[in-house]
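Contents: one structure, followed by commentary.
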Number of protein chains: 2
Amino acid sequence: MPEKDIDIANRLKTLRDERNISQRQLAKKSNVSNAAISLIENNKTNPSLGMLKKILDAVPISISDFFAMDVSEENKIVFRKNELIEIGSGLISYLQVGQNLKNNQPQMILERYKPGADTGKSMLTHESEESGLILEGRMELTVGDQTYFLGAGDAYLFNSNIPHRFRNTGGIDCVIVSACTPPSF
Amino acid sequence: MPEKDIDIANRLKTLRDERNISQRQLAKKSNVSNAAISLIENNKTNPSLGMLKKILDAVPISISDFFAMDVSEENKIVFRKNELIEIGSGLISYLQVGQNLKNNQPQMILERYKPGADTGKSMLTHESEESGLILEGRMELTVGDQTYFLGAGDAYLFNSNIPHRFRNTGGIDCVIVSACTPPSF
DNA sequence: TTAAACTGTTAAATATATTAAACAAAAAAT
DNA sequence: ATTTTTTGTTTAATATATTTAACAGTTTAA
């Protein structure tokens, strides 16, 4: 059974945070460009072993220990602002609370709809209970054959099997925090 | 203290030998080219982690375990024909018995001199006792101000502080097995 | 407030890993 | 003995990692 993703990105970031070293400090100490470290931590490259070795030697930590590190977020409780997981971007961006959610966990998402953003005329449907709260801007929400206009502070709750649709018809970003149980994707 | 060389080459080769898998079998199973595996095992590339991961998943073994593998050759006793270490090539090729030799160990080398090969007019000198035996071909050996012509079966022994020189003046390869104590390079 | 020294990220240039295909040698099959 | 597989290796073409340099945002100092 092949292991799942090795997640060097998290490992390195976590390690660096634990030891309070900046990308540039580590870069200098390991004779590697700071860009390389940034790219690794953002999963934008597939580093060579030589590269990883140089970095880990500078930390220092052995390769074996590095991969034996426990970075499971199973029991992680607090997720900092910059630790939210980006699961989609574009006209609508999604920042999720937690990773690899179980079916009994709510999928909380911080959603940002740019002006004109629209989940589409071909309404959404999925097997969840869905709730949300508008933080900024205004949102046009259609659930079934009813359409609502929501402003900051307003909230919603419905069964997502009912076809629904979000549209930002205003001129400024609309920011929503939503929750689905079980997670919808 | 940074670890010394990680030696992926040895690790992979050893692993593959232990499990009796050919390069091509492993390549196919891991969706990687057989060339890649060959290059890795010969230290001719600096593989990416993604690559290594694919290979190790096919073995299978975890990355952590892979790097925790003991491949120290400290007490290795028998070195197979294909396990000799190439420490130089070209007109003269050197295949050494063992790795990271200690000062109290003899450095045995299987040397092949192509026709015309010459260690150079500017004689060699180093702090060792040196001995050798001609296996094939003929060799012109100069030690100090004496020059000797050796054929298969002949041998030599001298203190390498005395300037010396090897020249294959014949038309065929000359193969020698030599030994230096302590190792000369 | 402004400036200076940091933070992490990104784009284009460069270096290098990886593949595909062909090779030669050894083992297996007929 | 001679095909036929299978072995590992190599080279040129291609894909991609890494660096250099510039950017924008945040913190520290004055």
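Order of the sequence lines fixes the chain letters, A, B, ..., with proteins taken first and strands second; residue numbering starts at 1 for each chain. Values below: all heavy atoms of this structure, side chains included; hydrogens, waters and symmetry mates excluded.
Tracing side-chain contacts under 4.5 Å through hydrophobic residues (I, L, V, M, F, W, Y), one never reaches A/L124 starting from A/M139; they form parts of separate clusters. Transitive grouping of hydrophobic side chains (ILVMFWY, heavy atoms separated by less than 4.5 Å) brings A/I63 and B/M51 into a common cluster.
For the OP1/OP2 pair of C/dT18 and a distance below 4.0 Å, the side-chain nitrogens and oxygens of B/T45 include at least one atom meeting the criterion. Between B/S22 and D/dT6 there is no side-chain polar atom (N or O) within less than 4.0 angstrom of OP1 or OP2. For C/dT7, neither phosphate oxygen OP1 nor OP2 lies less than 4.0 angstrom from any side-chain nitrogen or oxygen of A/Q23.
Nucleotide D/dT7 holds its C1' atom 13 Å from the CD1 atom of B/I37, rounded to whole Å. Here the P atom of nucleotide C/dT18 and the CG atom of B/L26 are 14 Å apart, to the nearest Å. Put simply, CG on B/L12 is 11 Å from P on D/dT9, counting in whole angstrom units. Distance A/K54 NZ to D/dT19 C1': 11 Å, rounded to the nearest Å. Spacing between atom CG of A/N46 and atom C1' of D/dT16 amounts to 9 Å, rounded to whole angstrom units. Rounding to whole angstrom units, NZ of residue B/K13 and P of D/dT7 are separated by 13 Å. As rounded to whole Å, 17 Å separates atom C1' of C/dT16 from atom CG of A/L52. The separation between A/I21 atom CD1 and C/dC6 atom C1' is 16 Å, rounded to whole Å.
Judged purely by atom type and a 3.5 angstrom limit, A/S64 uses its side chain to pair as donor or acceptor with the backbone of B/S64.
Using cut-offs of 30° and 60° for the angle between ring planes, the B/H126 and B/H164 rings count as perpendicular.
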message: Could you go through A/N42 and A/S38, starting from their C-alpha distance and side-chain angles, then the distance that decides it, and tell me whether this counts as side chain to side chain contact (heavy atoms under 4.5 Å, CB included)?
response: CA-CA 6 Å; A/N42 289 290; A/S38 175; 3.5 Å; yes
query: Can you check side chain to side chain contact (heavy atoms under 4.5 Å, CB included) on A/L49 and B/F67, steps first, answer last?
result: CA-CA 11 Å; A/L49 267 169; B/F67 283 105; 3.7 Å; yes
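Where pairing requires Watson-Crick or G-U contacts shorter than 3.5 Å, the helical stems of DNA chain D with at least three consecutive pairs are C:1-5 with D:26-30, C:8-30 with D:1-23.
Among the atoms of the strands shown, base atoms are found under 4.0 Å from some heavy atom of B/S33.
Of the two residues near DNA chain D, B/R24 and B/S48, the one whose nearest nucleotide lies more 5' is B/R24.
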Protein-nucleic acid N or O pairs under 3.5 Å, nucleotides 10-14 of chain D:
{"unit_1": "D/dT10", "atom_1": "OP2", "unit_2": "B/K44", "atom_2": "NZ", "d": "2.6"}

